[in-house]
Number of protein chains: 4
Amino acid sequence: MARPLSPEKRNALLLAATHAVAEQGVLATTASIARRAGVAEGTLFTYFENKELLFQELYLHVKHELADAVMPDYPHQADYRHRLEHVFQRYVSWGLSNTAARLAVARLSASVQLLDGTRAQGMEPFQAVSGMIEDAVQSGVLVNAPIAFLYSIIERIADTTIEYVDRQPADADRYRQLGFHAVWRAITP
Amino acid sequence: MARPLSPEKRNALLLAATHAVAEQGVLATTASIARRAGVAEGTLFTYFENKELLFQELYLHVKHELADAVMPDYPHQADYRHRLEHVFQRYVSWGLSNTAARLAVARLSASVQLLDGTRAQGMEPFQAVSGMIEDAVQSGVLVNAPIAFLYSIIERIADTTIEYVDRQPADADRYRQLGFHAVWRAITP
Amino acid sequence: MARPLSPEKRNALLLAATHAVAEQGVLATTASIARRAGVAEGTLFTYFENKELLFQELYLHVKHELADAVMPDYPHQADYRHRLEHVFQRYVSWGLSNTAARLAVARLSASVQLLDGTRAQGMEPFQAVSGMIEDAVQSGVLVNAPIAFLYSIIERIADTTIEYVDRQPADADRYRQLGFHAVWRAITP
Amino acid sequence: MARPLSPEKRNALLLAATHAVAEQGVLATTASIARRAGVAEGTLFTYFENKELLFQELYLHVKHELADAVMPDYPHQADYRHRLEHVFQRYVSWGLSNTAARLAVARLSASVQLLDGTRAQGMEPFQAVSGMIEDAVQSGVLVNAPIAFLYSIIERIADTTIEYVDRQPADADRYRQLGFHAVWRAITP
DNA sequence: GATGAATGAGCTTTCATTCAT
DNA sequence: CATGAATGAAAGCTCATTCAT
């Protein structure tokens with residue numbers, strides 16, 4: 001089987017791409033990503049067919065990492081408010097300690113380069129959240145609106161919260177409280 | 001380079017850039033923008049020193065257009081809720097009838113290419129809104145939070161609203177209502 | 001009209017390509033062709049859309065040059081033998097004094113890279129010859145065979161003649177005589 | 001490097017190279033040849049030191065296959081015309097049933113890539129034919145010309161014949177007759 | 001010996017910018 | 001001032017070859 005494809009190299013490439021895209025957006029060059037990852041320029045293409053596909057995989061990879069950070073310890077039994085707050089605060093925490101990943105996803109999201117199905121695929125790991133929102137809407141706890149719309153609002157307010165905590169870390173707690181307050185009120189009747 | 005001769009050409013270039021950036025993001029080429037504007041490749045550079053500055057000016061130009069659409073008929077005398085709703089609905093209306101401009105700004109915002117002061121400059125035309133928010137906070141009508149933070153939340157929810165109306169125009173009214181409901185509740189105590 | 005496309009540059013590029021292809025075949029690089037022509041790498045692409053099209057145009061260009069060398073002074077009134085000999089000897093002479101062009105066409109012909117219509121287009125300038133062959137067949141002077149087949153045989157024997165004269169210039173006259181003898185006998189009954 | 005272990009793999013590589021070169025010329029990649037042969041990319045290089053040498057060996061290999069098809073049943077006792085016709089028709093038959101091999105040799109012949117001695121080596125298996133031509137020249141049956149020149153003419157007319165039969169198989173017999181007629185008349189006084 | 005991942009020089013092509021016309 | 005040809009530094013990607021497995 002000769003030398004097998006190395007998961008370490010693949011991860012190094014994704015990590016390098018994360019930082020490069022966070023810094024340069026889609027203008028990040030494959031050469032710079034390879035260099036950052038410590039592999040030869042050509043090696044990148046044995047792991048990712050081309051730049052576009054690298055970016056799709058990067059997007060999905062980060063979305064999965066985010067899900068892996070948000071979902072554990074999910075308090076299935078708690079009331080909707082506490083469940084949502086768990087998700088919100090974890091999301092914010094992840095964003096704060098993974099600035100590059102967060103920026104990379106933001107850059108990719110806004111940059112046309114995302115292939116059609118990719119955005120939808122990126123939502124899959126968060127089905128538990130969607131399901132919870134759906135139930136809460138059904139039970140009348142949340143405002144009667146399409147799930148995706150509510151999800152979007154939550155995400156946007158969370159992103160805003162992250163940005164402000166990032167800029168003024170001293171006021172982290174206040175912004176986190178303000179943020180969740182805004183979320184909860186925005187989506188309740 | 002001073003102020004160039006033909007405002008028509010300058011506007012044609014900005015308009016062409018709007019569409020090009022909406023479609024291709026920062027990967028839009030200066031040649032394609034010039035072609036779209038009906039001028040020669042070199043002409044672009046007599047109106048804009050280089051691509052980066054073109055993008056700054058495009059960003060500010062669109063922000064001003066947005067302000068010009070939002071601010072007229074501003075009901076200075078109405079209560080805070082009505083004043084904010086005026087702004088919100090005008091913002092949404094502008095976004096719906098200026099898809100390219102909206103997308104262009106979104107692409108530029110998310111792509112490193114914006115120079116530092118530019119984002120702040122883009123907020124200037126909306127000082128009346130900021131001022132109103134400030135007063136409302138002071139008077140206790142809005143939640144006690146930094147103005148910029150509240151402004152961000154409003155903007156994000158408005159953008160989300162636009163996106164959903166764009167995708168499902170049949171439900172325009174519902175989303176506009178849901179959107180403003182979310183905004184108002186999000187920022188009130 | 002700014003700077004107009006320069007026929008000199010275009011010719012320099014075709015000439016450079018002729019020598020490069022004669023020497024390296026289709027492996028000749030666009031960079032080496034541009035360098036030889038004394039223009040920047042990018043300039044090649046303002047004159048030829050891409051490498052493949054450059055090669056098509058080179059092929060046709062050389063074929064036209066060959067026709068321009070062969071057809072003048074064509075003795076319309078002479079008998080078939082003399083008319084054919086005119087063509088044959090001119091063809092050989094051209095091949096001898098245009099080694100690079102001859103080799104380039106040979107390399108391109110054998111290299112798959114020729115687009116479909118190109119080969120046919122390359123024959124167009126030689127319609128007078130085809131017509132003459134056709135008449136001669138009709139009149140029974142030449143063997144009753146498809147024109148294209150006879151044309152091919154003539155061409156191949158001429159090419160062989162050129163090669164041998166090239167290698168042994170001292171025996172030029174003998175090979176030219178032997179060559180035409182072979183041609184004439186090969187295609188007469 | 002000596003003689004490698006598996007003649008099957010070596011043959012598979014030569015066969016794969018035959019088809020790849022017939023289709024892509026010298027641009028055929030070693031990877032594609034290895035894939036076609038069903039071996040790993042690296043394996044190619046244990047059988048052939050590098051791409052250039054692979055092509056030399058391919059050229060000689062095909063030339064030997066051709067000789068093996070042409071020479072058997074050679075009618076040593078027959079007169080020159082019949083001996084030559086044997087060779088000619090066998091050559092044409094081989095070309096018709098070995099299109100890829102024929103094309104591969106044509107592509108290689110016309111592409112600089114053939115090392116100097118290789119072309120000469122490729123003629124060795126046809127010494128019986130050369131010898132016969134030499135005798136025929138001596139005896140005055142063939143025109144008094146260098147053997148190689150006559151040989152070239154025969155080869156070129158045979159190649160032309162193959163091409164036309166290939167394109168119009170219905171007229172195979174006619175072209176074979178026309179072809180040999182042309183050969184015999186071309187090289188006889 | 002066979003495998004195929006790793007390498008990096010080198011290729012074609014693009015593109016922001018300049019400048020002759 | 002407008003034009004668009006000219007430039008050449010990259011960019012993305014390929015591929016012959018090597019070498020760890």
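Residue numbering restarts at 1 for every chain, and letters A, B, ... go by the order of the sequence lines.
Atom P of nucleotide F:dC13 and atom CG of A:N50 are separated by 5 Å, given to the nearest angstrom. A straight line from CD of C:E8 to C1' of F:dA5 spans 14 Å, rounded to a whole angstrom. The CG atom of B:L44 sits 12 Å away from the P atom of F:dT3 (whole-angstrom rounding). Atom-to-atom, CZ of C:R3 to P of F:dA2 comes out at 18 Å; the value is rounded to the nearest Å. Rounded to whole angstrom, the span from the CG atom of A:L13 across to the P atom of E:dA5 amounts to 14 Å. Remark: P of F:dC15 and CD of D:E52 are 18 Å apart, rounded to the nearest angstrom. One can place CZ of D:F55 at 12 Å from P of F:dC15, the figure rounded to the nearest angstrom. In this structure, the CZ atom of D:R10 is 15 Å from the P atom of E:dG1, given to the nearest Å.
A heavy-atom distance below 4.5 Å is not found between the side chains of B:Q56 and B:F48. Inter-residue side-chain proximity for A:L14 and A:Y47 is flagged as unmet; no heavy-atom pair is nearer than 4.5 Å. The shortest distance between side-chain heavy atoms of B:E57 and B:L13 does not fall below 4.5 Å. Counting heavy atoms from C-beta outward, C:L114 and C:F55 have side chains that stay 4.5 Å or more apart.
Separating the CD atom in D:E65 from the OG1 atom in D:T18 is a distance of 7.0 Å, to the nearest 0.5 Å. Summarising the geometry, atom NE2 belonging to B:H61 is positioned 8.0 Å from atom CZ belonging to B:R10; distances are rounded to the nearest 0.5 Å. Put simply, CZ on C:R107 and OG on D:S109 are 10.5 Å apart, with the number rounded to the nearest 0.5 Å.
Of the candidates E:dT18, F:dA6, E:dT12, E:dT18 carries the atom nearest the B:F45 side chain, counting heavy atoms from C-beta on.
Proximity of C:T46 to the phosphate of F:dA5: no side-chain N or O atom is located under 4.0 Å from OP1 or OP2. OP1 and OP2 of E:dC15 both lie 4.0 Å or more from every side-chain N or O belonging to B:T30. Residue D:K9 places at least one side-chain N or O under 4.0 Å from the OP1 or OP2 atom of E:dA2.
For the pair D:L53 and D:E49, the tightest heavy-atom approach, listed with the atom from each and the gap, is CD1-CB, 3.6 Å. Of all non-hydrogen atoms in A:A100 and A:A22, the two that sit nearest each other are O-CB, 3.4 Å. Of all heavy-atom pairs spanning D:A106 and C:A110, the tightest one is O-CB, 4.2 Å. Here the shortest heavy-atom pairing between D:A34 and D:A40 reads CB-O, 3.7 Å. For the pair C:L5 and C:T46, the tightest heavy-atom approach, listed with the atom from each and the gap, is CD2-O, 4.2 Å.
Contacts between residues 34-42 of chain A and DNA chain E, defined by a heavy-atom separation below 4.0 Å, involve A:V39, A:A40, A:G42, listed by number. In the region residues 20-29 of chain C, proximity to DNA chain E at under 4.0 angstrom, judged on heavy atoms, holds for C:A28, C:T29.
Within the 4.0 angstrom heavy-atom criterion, only backbone atoms of the sugar-phosphate kind lie near C:Y47; the bases stay farther away.
Remark on DNA chain F: of its neighbouring residues D:K51 and A:E49, the 5'-side contact belongs to A:E49, judged by nearest-heavy-atom nucleotide.
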*Can you give the dot-bracket line for DNA chain E, using ( ) for pairs inside the strand, [ ] for pairs that cross earlier ones, | for pairs with another strand and . for unpaired bases, where Watson-Crick and G-U count if both distances are under 3.5 Å?*
.||||||||||||||||||||
